[in-house]
Amino acid sequence: MFPAVSHTLRRLPLLHWLLLLLQALERGLGRASPAGAPLEDVVIERYHIPRACPREVQMGDFVRYHYNGTFEDGKKFDSSYDRSTLAAIVVGVGRLITGMDRGLMGMCVNERRRLIVPPHLGYGSIGVGLPQTAALPTAGLIPPDATLYFDVVLLDVWNKADTVQVSILLRPPHCLRMVQDSDFVRYHYNGTLLDGTAFDSSYSRDGTYDTYVGSGWLIKGMDQGLLGMCPGERRKIIIPPFLAYGEKGYGTVIPSQASLVFHVLLIDVHNPKDTVQVETLELPLGCVRKAAAGDFMRYHYNGSLMDGTLFDSSYSRNHTYNTYVGQGYIIPGMDQGLQGACIGEHRRITVPPHLGYGENGTGDKIPGSAVLIFNVHIIDFHNPADPVQIETLSRPPETCNETTKPGDFIRYHYNCSLLDGTKLFSSVCCFPEICDSEGKRSHDYGDPQEATLGANKVIEGLDTGLQGMCVGERRQLIVPPHLAHGESGARGVPGSAVLLFEVELVSREDGLPTGYLFVWHQDPPTNLFEDMDLNKNGEVPLEEFSSFLKAQVNEGKGRLLPGQDPEKIIGDMFKNQDRNQDGKITAEELKLKSDEDQERVHEEL
C-alpha cells in the first residue's frame with residue numbers, strides 16, 4: 001500500500017558507504033570543520049511525549065512514522081507529508097541511515113522528536129541526489145557534509161514476535177459464560193489505529209457486530225482476542241498487522257502494516273447447539289406438583305438481554321403473564337423452561353436465539369440473534385381438567401355420623417388466598433391489604449360465613465369442597481379458576497387465579513326442599529286453621545300467624561328455612577297465604593305447600 005520510502009532514508013550502495021567511512025576517518029584524524037568540533041552523535045529533542053507509553057521502539061521493530069527533513073537553514077529536502085505516505089520500515093538493521101536508526105530508538109507512539117543528524121551519521125562528505133517530483137519540487141542534492149534535521153512523529157510499532165495483546169478493562173462479577181471457538185457473539189467496538197486514529201465503530205451504525213468466532217469470519221487477531229470474554233465484559237485488544245490486514249491494509253481507512261486497537265464490549269454469546277438453561281434461584285418447601293405441558297400458568301418475569309439491558313417486565317404492568325405451557329403460545333425456549341417449575345419457585349431461564357426470536361429479533365428492544373434471560377416467579381398453574389383438591393387438616397376425634405350434603409345450611413370460617421400467599425378474604429379477620437383505611441368490610445369478620453350447599457350461593461369449587469364435612473373439621477381446598485372466578489376474575493381476585501381456602505365447619509343444619517320456607521317434623525295438625533286462629537274469630541292476621549309458627553319451631557314441631565331472617569320468612573309465608581291481600585287469612589285461603597304442589601300437578605295433567 002505504501003510507496004517506496006524516501007531515498008533520503010534508504011541504505012546506499014556499499015561503495016558509497018565505504019567512501020563515507022573514509023571521510024569519517026579523515027575527520028577523526030583532525031580534519032574538523034573550521035566552524036568547530038563536529039557532532040559526535042545524533043541530537044534528540046523530545047518535544048512531545050505522550051502520557052502513556054506502553055511500548056518503546058527497539059532494534060528489529062517495524063515502525064510507521066511521518067517526518068519532515070530540512071537543512072540547518074530550514075530548507076526542506078524531503079517530507080513524508082508531501083507524499084501523503086508514511087515511512088514504514090524495520091529499524092536497527094541497516095535499512096536507514098545510522099542517525100535515523102539511532103534517533104528512532106526508544107520512541108513511543110505519538111511521540112514527536114527533532115533529530116539533528118551529523119554528516120558522518122547521515123550522507124557524509126559525498127551527499128546524495130534526490131529526484132524532484134510533483135510532491136517535492138524543491139528536492140535536490142544533499143550536499144556533502146550536510147547536517148540533517150528531522151521532525152518525526154511515531155504512529156505505529158510492532159514486531160514479528162508480537163502476539164495479540166488483551167487488556168480486561170471491566171469484567172462483570174458474575175460470568176454467565178465465556179466465549180469459545182464456534183460460538184456466535186454480538187459485540188460493540190471502537191476500532192482505531194495505534195496512534196488513536198479511528199477507522200470504524202459499531203456504535204455509529206447503532207447495531208452490534210454479529211459473527212461466529214474461530215470460523216474464519218474475523219481477522220485472526222480478533223478471533224483470538226474475543227476468546228474467554230464474558231457477556232458485559234470490556235476489553236482492549238491490540239492486534240499486530242500480520243494477524244490483521246497485513247501489507248494490503250483495508251480500503252482507505254486501514255493502511256498497510258497497521259496495528260489495530262479494538263475497544264470491545266461483549267453483549268452476548270451463544271452456540272447454535274445450545275439448549276435452554278434453567279437455574280433454580282429459590283425453591284419453596286413442599287413442592288408436590290410441577291408444571292407440565294398443557295397446564296395454564298400465571299407468572300411474573302423480568303426479561304433482559306445478556307448484558308443486563310431490560311427489555312420487558314410483567315411487574316411494570318402490575319399484572320402476571322398468563323398462558324398455556326407447552327402449547328406453542330410462547331417462544332419455544334420459554335415453553336421448555338417453564339415446564340417442571342413449582343408454584344412459588346423463582347428460576348432463571350436463558351434462551352438462545354434459535355429458541356427465542358431468531359435472527360430477526362422483535363420490536364425495537366430485542367435485536368436479532370439475541371440471547372434472552374428471564375427471571376421468573378411462578379404464581380400458580382393448573383390444568384383445565386383439574387378438580388378441587390381437598391386435604392383434611394384436622395377432624396374431631398368423636399364419631400361423625402352426619403356430614404354436609406347439598407341442601408344443608410352450614411356455617412363455616414375460612415381464609416382465602418392466592419397460591420403465592422397473597423391474602424384475599426377471611427371470615428376470621430380482616431387483612432390490612434384488602435380492607436379500607438378503617439380496616440372494615442361490609443360484614444362482621446368475627447361471624448362465620450353462612451351458605452346453603454348446592455344453591456349456587458358460593459363458587460362451585462368451594463361448594464364442592466364444603467360437602468362431606470363433619471362439624472369441627474378443618475380442610476384445605478385448592479380451587480382451579482374454572483371452578484372459581486374463571487378468566488375474568490372478580491373484585492380482588494385476578495383472572496385465571498387458583499384459590500387456596502382453609503375452611504372450618506362450625507355448624508350444619510338440614511336444608512329444606514326447594515321452594516319451601518317451612519317444613520313440619522311430623523304431620524301437621526288436623527285442624528290447622530282452628531289451631532292457628534287463636535282468638536277464634538274466623539280469620540288469622542299476621543300477628544297470630546307469626547305467633548303460631550314461632551311456637552311450632554320452639555316446640556320442635558317444625559322449622560323455618562335456615563340462614564334467613566325468621567321475621568322475613570314468616571312475612572313472606574303470610575303474603576303467600578293471604579290470597580286477596582286483605583291483611584288476614586281465612587280458612588278458604590290457607591293451604592299447605594304440599595297441597596299446592598299436588599293441585600299444580602293435576603292442573604298440568
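No hydrogens, no waters, no symmetry mates; every other heavy atom, side chains included, goes into these values.
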Chemist: Please determine, by modelled atom types, if Arg348 and Asn375 share a side-chain donor-acceptor pair under 3.5 angstrom.
Modeler: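 Yes, because at least one side-chain N or O of Arg348 sits under 3.5 Å from a partner of the opposite role on Asn375.
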Chemist: Tell me whether the rings of Phe184 and His270 are parallel (<30°), tilted (30 to 60°) or perpendicular (>60°).
Modeler: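 Answer is tilted, since the angle falls between 30° and 60°.
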Chemist: Hey, is the main chain of Glu247 close enough, under 3.5 Å, to the side chain of Ser256 for a donor-acceptor pair?
Modeler: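 Yes, because the side chain of Ser256 sits within donor-acceptor range (under 3.5 Å) of the backbone of Glu247.
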Chemist: Looking just at side-chain N and O atoms, do Asp61 and Asn159 make a donor-acceptor pair shorter than 3.5 Å?
Modeler: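 Side-chain D/A pair, Asp61 to Asn159: present.
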Chemist: Would you call the rings of His482 and His382 parallel, tilted or perpendicular, where under 30° means parallel and over 60° means perpendicular?
Modeler: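 If you compare the ring of His482 with that of His382, the planes turn out tilted.
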Chemist: Before accepting this row, confirm whether a basic side-chain N of the pair Asp295/Lys290 lies closer than 4.0 Å to the acidic partner's carboxylate O.
Modeler: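 No, this pair does not count.
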Chemist: With a 3.5 Å cut-off and no angle check, do the side chains of Asp463 and Gln467 form a donor-acceptor pair?
Modeler: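 Judged by distance alone, the side chains do pair up.
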Chemist: What about the rings of Tyr324 and Phe381, do their centers lie closer together than 6.0 Å?
Modeler: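 Ring centroids of Tyr324 and Phe381 are no less than 6.0 Å from each other.
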Chemist: Would you call Arg411 and Glu509 a salt bridge, taking side-chain N to carboxylate O under 4.0 Å as the test?
Modeler: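 Salt bridge between Arg411 and Glu509, a charged N being under 4.0 Å from a carboxylate O: yes.
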Chemist: Does a side-chain N-to-carboxylate-O contact under 4.0 Å join Asp312 and Arg317?
Modeler: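 So Asp312 pairs with Arg317 through a salt bridge.
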Chemist: When you measure from the side chain of Asp268 to the backbone of Val371, do you find a donor-acceptor pair of N or O atoms at a distance under 3.5 Å?
Modeler: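 Between the backbone of Val371 and the side chain of Asp268 there is a qualifying donor-acceptor contact (under 3.5 Å).
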Chemist: Give me the ring orientation class for Phe311 and Phe374: parallel if the planes are under 30° apart, tilted from 30 to 60°, perpendicular past 60°.
Modeler: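 Correct class here is perpendicular.
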Chemist: Are the side chains of Val471 and Pro396 in touch, meaning some heavy atoms are under 4.5 Å apart?
Modeler: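 No, their side chains stay 4.5 Å or more apart.
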